Student: 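Below you will find the structure I want to go over with you.
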Amino acid sequence: MTKNKDVINPWVPILLLLFVWQVCSWAGFLNSQFLPSPLALMSEIVDSFANQHLLGDIFASLKRVLIGFTIAAATGVSLGIFAGTNQVARSFISPLAEIFRPIPPIAWIPIAILWFGLGDKPAFFLVFLGAFFPIFTNSMLGALSLEETHRRAAYSLGADKKHFLADILLPASLPHIFAGMKIGLGVSWMAVITAELVGSQSGLGYMIQFNRFLLNTPKVVVGMVVIGAIGFLLNRLMARVEAALVPWKDFKGANHI
Amino acid sequence: MKLEFENVTKNFNGRNGDRPMVVLDGISFGVRESEFFCIVGPSGCGKSTIINLAAGFFRPDQGRVAVNGKEISSPSASRTVVFQEYALFPWKTVFGNIEFGLKCSGIPEEERRQIVYDLAKKVDLEKFLNHYPAELSGGMKQRVAIARSLAVKPEIILMDEPFASLDQQTRDVMQEELLGFMKEFSQTIIFVTHNIEEAIFLGDRVLVLGKRPAHAKALVEVPFSKPRLPQLRNEPVFLALRRDIGGLLRKEAS
């Protein structure tokens, strides 16, 4: 019944890294042309927010992730649960998933641009591709992890298909579904940056690429830092949602009752 | 007869190429209305298979399993099951677990709440309605499972070694509690166990099974009236009956 608490506050290692980095910059170990110091970055970030481009780029990237990820979650969870409960569907879909999954989103860029042109659409597509497979696979494992006694208990209590799905199969799969969504959201965030590096006129990926051409290294690093920070926050957000929707998960061995 | 097994045979497929394993070999017995019917037999003799057939999880290979004269074809809320490993839904609270069957039978929310609350009170869990199963002890979990199986007002409750994972003290208390609150209910109960004392203490009749393939060794009328008090366990007649059934089973084991 112990909760999984972090032993160390997550901000401690982050602040420590920034501190060491700053000290190295002061001591002259780091060439500011190649890697600006944290304090210099801070003023760059303030400046980037002030001239309003950064906020717009953040929203552009977040919007693409939100849409692509939502589509991936909806299709991934439904197909995954379906494949997990239906052996014919599973043996049909699994080989296809196994073939498409190893192709990284970046390899899809030429095709995505060919099919969807530039702008939001290829980014939606790449985000979807990145998020779909972990969500699909984990949802399928979730449905397969349903214990036989739980299935039997449900049916002997009079469950029909609807109640079985909503009250038994779906909640039993939720811990796995969330594992998939956490991975999927992380991959989504990487995929959107990738998409924007090449096929877009806005977003954090575009901002990095743009500043690279201007040889503005500090702004490139600002883009990277913001990407890291938002990825970190997205993961935390997902953990919050999970804690709210899977409250029984924190109990030891809760899936073997 | 409430529930009837007529010449029931059940095989399970062996691993690739092995001959199918005969688990039940032409077993017959009948359970009366409102009877507490215990089945006792050595571990692995196929007792659980009887529960699974009666619940409708399996179909017999030969013979017939019938309730009220009608052959069983699938699971139904008129025959609920209490499992050894509790099988509570870990994602539902105590309330949600007891409520689930009522929800499935379409009972309105207000009425469900009332039924769950009344049952929880009977099994002494009304303070734990918002707890998750993982927060409960083994005995409490099994009380939830019993309340859950009673909530839908089944005709028959099938109990598959429900107290086997509990320690001796908790098991004795649970047996006494079970007899206590079953007084208020008229369900027919089929109770499977490997514990002879448990079978005699609880049962109106005890079916003694032999080793696999399970076959009926004896059908014993238990001569004690109900309510039964804990000290019955030490009465000479009780101990003698226990010894007799033990003898039957020991012969079987050697």
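We name chains A, B, ... by the order of the sequence lines, and we start the count at 1 in each one. Note that this is a predicted model, so its numbers are computed, not measured.
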Student: Cation over ring, Lys63(A) on Phe59(A), under 6.0 Å and within 45°?
Tutor: no

Student: How are the rings of Phe125(A) and Trp108(A) set to each other: parallel, tilted or perpendicular (split at 30° and 60°)?
Tutor: perpendicular

Student: Is it the backbone or the side chain of Thr80(B) that comes under 4.5 Å from a heavy atom of chain A, or both, or neither?
Tutor: both

Student: Does any backbone or side-chain atom of Leu174(A) lie under 4.5 Å from a heavy atom of chain B? Answer side chain, backbone, both or neither.
Tutor: neither

Student: Answer with side chain, backbone, both or neither: which region of Val152(B) has an atom nearer than 4.5 Å to a non-hydrogen atom of chain A?
Tutor: side chain

Student: Does any backbone or side-chain atom of Lys92(B) lie under 4.5 Å from a heavy atom of chain A? Answer side chain, backbone, both or neither.
Tutor: side chain

Student: Return the orientation label for the His150(A) and Phe89(B) ring planes: parallel under 30°, perpendicular over 60°, tilted otherwise.
Tutor: tilted

Student: Are there over 12 heavy-atom neighbours, none belonging to Ile67(A), within less than 6.0 Å of that residue's CD1?
Tutor: yes

Student: Top residue by heavy-atom pair count (under 4.5 Å) with chain B, among Arg152(A), Arg151(A), Lys162(A)?
Tutor: Arg152(A)

Student: Between chain A and each of Ser105(B), Ala77(B), Ala55(B), count heavy-atom pairs under 4.5 Å; write down the option with the most.
Tutor: Ala77(B)

Student: Decide side-chain hydrogen bond (donor to acceptor under 3.5 Å, both in side chains) for Glu85(B) and Ser165(B); before the verdict, give the C-alpha distance in whole Å, the side-chain angles of both, and the deciding distance to 0.1 Å.
Tutor: CA-CA 7 Å; Glu85(B) 59 276 32; Ser165(B) 333; over 6 Å; no

Student: In terms of heavy-atom pairs under 4.5 Å with chain A, which of Pro75(B), Ser149(B), Gly96(B), Ser74(B) leads?
Tutor: Pro75(B)

Student: Kindly say whether Ala179(A) contributes a backbone atom to a donor-acceptor pair with the side chain of Asn138(A) at under 3.5 angstrom?
Tutor: no

Student: Tell me, for Leu146(A) versus chain B, whether the close heavy atoms (under 4.5 Å) come from the side chain, the backbone, both or neither.
Tutor: side chain

